[in-house]
Amino acid sequence: MTNKLRYFVANWKMYGHLRSLNSLNKVINFRKKNKKAKNLKIIYCPPFTLLHAFVQKFKNSNIKTGAQNCSFLSSFGPPTGSINASMIKSLKCDYVILGHSEKRAKGENDKIINKKISSALKNNLKVIFCIGETILQKRKKMTKKILLNQLNKGLHKIKKKENILIAYEPVWSIGTGLVPKCEDLNRVISFIKIFLRNKMKFKNPKVLYGGSVSPQNISLLRKVLNLDGFLVGGSSQNSKKFIDIIKKTFI
Ligand code: PEP
């Protein structure tokens, strides 16, 4: 395995109670045993209800915590049920996932995502910005066009680029068990990185892959060497599977 920095982001989606925290002991112990693996970055993104408990649980463990979304508003205000970036930061969280396709499917557009990214960065959160095409767009060979559009609009006038991770998550691979072919993935990741470097002035773009990553397919996916890590949904909810994914990639 290379010495490259590897991010493993666990997106717990709408999963977990307080009692689910016990399952994290395995991951904490795994992280402790691999203390020297400085280039291994583990980030957990549980639902809002568990953020505080996760931050407490991961104290002294070198595992970071992130939210799964935030409001585009930076200040306090009336939108019932919303949580803004400063509230997330105040819990000592470091990251937030934005632009997830499950949110886009519910009407979140590029303009709102752009405002959310701006607000998150202003509040010193690091952003995991999700982009990806649908199966129909893939079939119509529109993948590059869609990704460019999402990147251009989502990152419009955004600074602090060093605090942004891009997560390429083809919509057709999320929760379906389907993953892109390695050569296709390699091509898309290169395309994203070249665009970020040349057009968006990223110095050192980091791009993760997300979509049905599992202990079964990770041995193949890890061969895509231009990737900087993985965003793992379903499989991250089981600590043993998540550790397995990390081990098979990294160690
Ligand atoms: C996700 O929702 O970000 C994701 C990657 O999900 P899954 O791994 O379950 O496909």
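Remember, it's 1-based here, ligands and their atoms both numbered in the order they're listed. This structure is a prediction, so every number in the text was calculated from the model and none was measured. Throughout, residue positions are numbered sequentially from 1 according to the sequence presented.
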Closer than 4.0 Å to some heavy atom of Gly211 - which atoms of ligand 1 meet that?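 By the 4.0 Å cutoff, the relevant atoms are 5 (C), 10 (O).
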
Please state which protein non-hydrogen atom is closest to [atom] and give its distance, to 0.1 Å?
atom                   : result
atom 8 (O) of ligand 1 : Gly233 N, 2.9 Å
atom 9 (O) of ligand 1 : Gly234 N, 2.8 Å
atom 1 (C) of ligand 1 : His100 NE2, 3.2 Å

Using salt bridge (Lys or Arg N to Asp or Glu O under 4.0 Å) as the criterion, point out the one residue from Lys248, Lys241, Lys247 that pairs with Asp244.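 Testing Asp244 for a salt bridge (Lys or Arg N to Asp or Glu O under 4.0 Å) against Lys248, Lys241, Lys247 leaves exactly one candidate, Lys248.
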
Kindly state whether the ring of [X] and the ring of [Y] have centres lying under 6.0 angstrom apart.
X      : Y      : result
Phe242 : Trp12  : no
Phe195 : Phe191 : no
Tyr95  : Tyr7   : no

With the threshold set at 4.0 Å, does a side-chain nitrogen-carboxylate oxygen contact exist between Glu108 and Lys116?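 Yes.
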
Charged N-O contact under 4.0 Å between Lys144 and Glu133: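 Result for this pair is no, no salt bridge flagged.
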
Answer with side chain, backbone, both or neither: which part of Asn11 has a heavy atom less than 4.0 angstrom from an atom of ligand 1?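 The answer is the side chain.
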
Looking only at distances, can you tell me whether any N or O atom of Ser212, backbone or side chain, sits closer than 3.5 Å to an N or O atom of ligand 1?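 Such a contact does occur with ligand 1.
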
Counting heavy atoms only, which of Glu102, Glu169, Lys13 is nearest atom 2 (O) of ligand 1?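 Among Glu102, Glu169, Lys13, the closest heavy atom to atom 2 (O) of ligand 1 belongs to Lys13.
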
Heavy-atom contact check, 4.0 Å cutoff: does Gly175 meet ligand 1?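 Yes, Gly175 has a heavy atom closer than 4.0 Å to ligand 1.
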
